[in-house]
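Just below is one structure, and these are the notes that go with it.
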Amino acid sequence: MASLYQVKASAGSGKTYDLTRRFLCLLAACGAPAPAAAASCGLGTGPSGWDEILAITFTNAAAGEMRDRVIGRLKAIALGTPEKGIPLTPDMAARWLDVILRDLASLNIRTIDSLLHAIVRSAALQLNLPPDFQPAFVSMDAVTPYLDTLLNQASQGNEKMEKLLRDLYWAIVHVQQSKGFNAGEKLGDIIRPLLDGILRDEFTDIASPEELESRHQQLWNRTRGLIRAVLDAEEQAKTKLHATSRKALVRLQERDEGAFKLKSIAEPEVDKFLTAKTKRT
């Protein structure tokens with residue numbers, strides 16, 4: 001790591017200028033480039049090739065500016081305007097400019113994410129990835145194809161997917177008190193923060209479906225117990241709850257868990273959400 005050079009400074013303090021000079025000095029250290037007729041590989045005769053020089057910055061704009069400055073300074077030196085501290089003669093600068101422009105893609109001035117992309121792509125087969133994979137910088141770009149598949153399967157008779165969506169939309173309507181929504185868009189709004197949390201390793205202790213069902217049953221039993229306690233307290237105190245409140249408690253107490261889950265929503269209403277077309281802007 002002796003050859004690693006890092007610059008930390010505030011905006012406008014000259015980072016790009018300093019890194020450009022550093023890049024040109026390393027380029028000069030590569031020695032004279034091969035003659036134009038043999039320059040297809042772009043390797044110099046010095047200790048390392050120019051395509052082994054790597055400059056990394058944060059934004060595409062900064063990378064583009066640094067790339068322009070490297071080429072611009074080489075052009076200036078080649079035209080007879082030397083720069084102090086950069087050991088490039090006009091002839092060397094002209095030859096390096098020709099080599100780089102012939103293979104501009106090998107000019108390794110990159111952003112951090114493009115570098116990581118290049119590393120992963122070079123090891124795509126070992127990582128069981130298709131060689132032509134494309135990175136997704138927005139989580140919904142990765143989720144959308146699977147979401148479309150789920151909605152299509154539910155609409156084409158997949159009972160498991162249909163039941164999953166029915167339960168989910170029931171929760172959206174009754175828990176979130178949603179009056180109406182676009183099915184695909186709403187589902188995406190729910191999945192996106194979950195996926196982001198998974199990618200950030202925020203979910204370290206995810207319960208199994210069996211454990212969730214057990215917790216749900218415990219909460220349901222506790223709720224019914226609390227309702228019974230409220231009604232008993234009313235009877236012992238010989239007072240009357242508000243009629244609407246008492247009616248709601250009694251109805252909740254009399255319902256079994258399965259009926260409370262799904263029978264309280266009309267089937268046509270669920271079907272409306274299941275058949276809603278996904279609209280995305």
Handout entry: Any donor-acceptor pair under 3.5 Å from S214 side chain to E210 backbone
Key = no
Handout entry: Within-4.5 Å side-chain heavy-atom neighbours: F23 and N108
Key = no
Problem - Contacts of R246 that satisfy salt bridge (charged side-chain N to carboxylate O under 4.0 Å, His left out) - sequence neighbours left out - result: E234
Problem - Heavy-atom pair of closest approach, residues P130 and A124 - result: O-CB, 4.2 Å
Practice task
Mind checking the CG-CG spacing from L151 to L165? Nearest 0.5 Å is all I need.
Solution key: 6.0 Å
Exercise for the section: Answer yes if L54 and W96 sit in the same cluster of Ile, Leu, Val, Met, Phe, Trp and Tyr residues linked by side chain heavy atoms under 4.5 Å apart, and no otherwise. Expected result: no
Practice task
Check whether any side-chain heavy atom of P82 lies under 4.5 Å from a side-chain heavy atom of L88, and answer yes or no.
Solution key: no
Handout entry: Student check: side-chain heavy atoms of D232 and R228 closer than 4.5 Å
Key = yes
Exercise for the section: Count the heavy atoms of every other residue, nucleotide or ligand shown that sit under 6.0 Å from CD of E235, and state whether that count exceeds 12. Expected result: no
Exercise for the section: Nearest 0.5 Å please: distance from the CZ atom of R67 over to the CG atom of N60. Expected result: 8.5 Å
Practice task
Please write out which residues are connected to L212 in a hydrophobic cluster, directly or through intermediates, given that two of Ile, Leu, Val, Met, Phe, Trp, Tyr count as joined at side-chain heavy-atom separations below 4.5 angstrom.
Solution key: none
Practice task
Quick one: closest heavy-atom pair of R73 and L24, and the distance?
Solution key: CB-CD1, 3.5 Å
Fill in the blank from the handout: Separation between CG (L27) and CE (M92), nearest 0.5 Å, reads 7.5 Å
Fill in the blank from the handout: By salt bridge (charged side-chain N to carboxylate O under 4.0 Å, His left out), E211 pairs with (sequence neighbours left out) R215
Handout entry: D98/R102 salt bridge by N-O under 4.0 Å criterion
Key = yes
Practice task
State plainly whether one hydrophobic cluster holds both I77 and L101, where clusters connect Ile, Leu, Val, Met, Phe, Trp and Tyr through side-chain heavy atoms under 4.5 angstrom apart.
Solution key: yes
Exercise for the section: Go through the steps for D196 and R192 under the test salt bridge (charged side-chain N to carboxylate O under 4.0 Å, His left out), then give the verdict. Expected result: CA-CA 6 Å; D196 291 341; R192 182 171 56 250; 5.3 Å; no
Handout entry: I56 reachable from L107 in the ILVMFWY side-chain graph, under 4.5 Å edges
Key = no
Practice task
Decide, yes or no, whether a salt bridge links D18 with R22 under the criterion of side-chain N to carboxylate O below 4.0 Å.
Solution key: no
Practice task
List the atom of T57, the atom of A62, and the distance in Å for their closest heavy-atom pair.
Solution key: OG1-CB, 3.5 Å
Handout entry: Point-to-point distance, once rounded to the nearest 0.5 Å, from OG1 of T149 to CE of M161
Key = 11.0 Å
Exercise for the section: Please report the closest heavy-atom contact between R110 and S114, naming both atoms and the distance. Expected result: CB-OG, 3.2 Å
Problem - Gap separating the OG1 atom of T111 from the CZ atom of F58, nearest 0.5 angstrom - result: 10.5 Å
Problem - Hydrophobic cluster identity match, V99 and L104, side-chain contacts under 4.5 Å - result: yes
Practice task
To the nearest 0.5 Å, tell me how far R21 CZ sits from L19 CG.
Solution key: 12.0 Å
Handout entry: Closest non-hydrogen atom pair between A93 and L74, with its separation
Key = CB-O, 3.6 Å
Completion exercise
Taking every heavy atom of R121 against every heavy atom of F133, the minimum-distance pair comes out as NH2-O, 2.6 Å
Practice task
Using distance alone, with no hydrogens and no angle criterion, decide if N158 and E162 have a side-chain donor and acceptor under 3.5 Å apart.
Solution key: no
Handout entry: Trace of the salt bridge (charged side-chain N to carboxylate O under 4.0 Å, His left out) decision for E159 with K163
Key = CA-CA 6 Å; E159 295 182 359; K163 182 181 183 304; over 6 Å; no
Exercise for the section: In plain terms, say whether R69 and E65 are close enough for a salt bridge, that is, a side-chain N and a carboxylate O under 4.0 Å apart. Expected result: yes
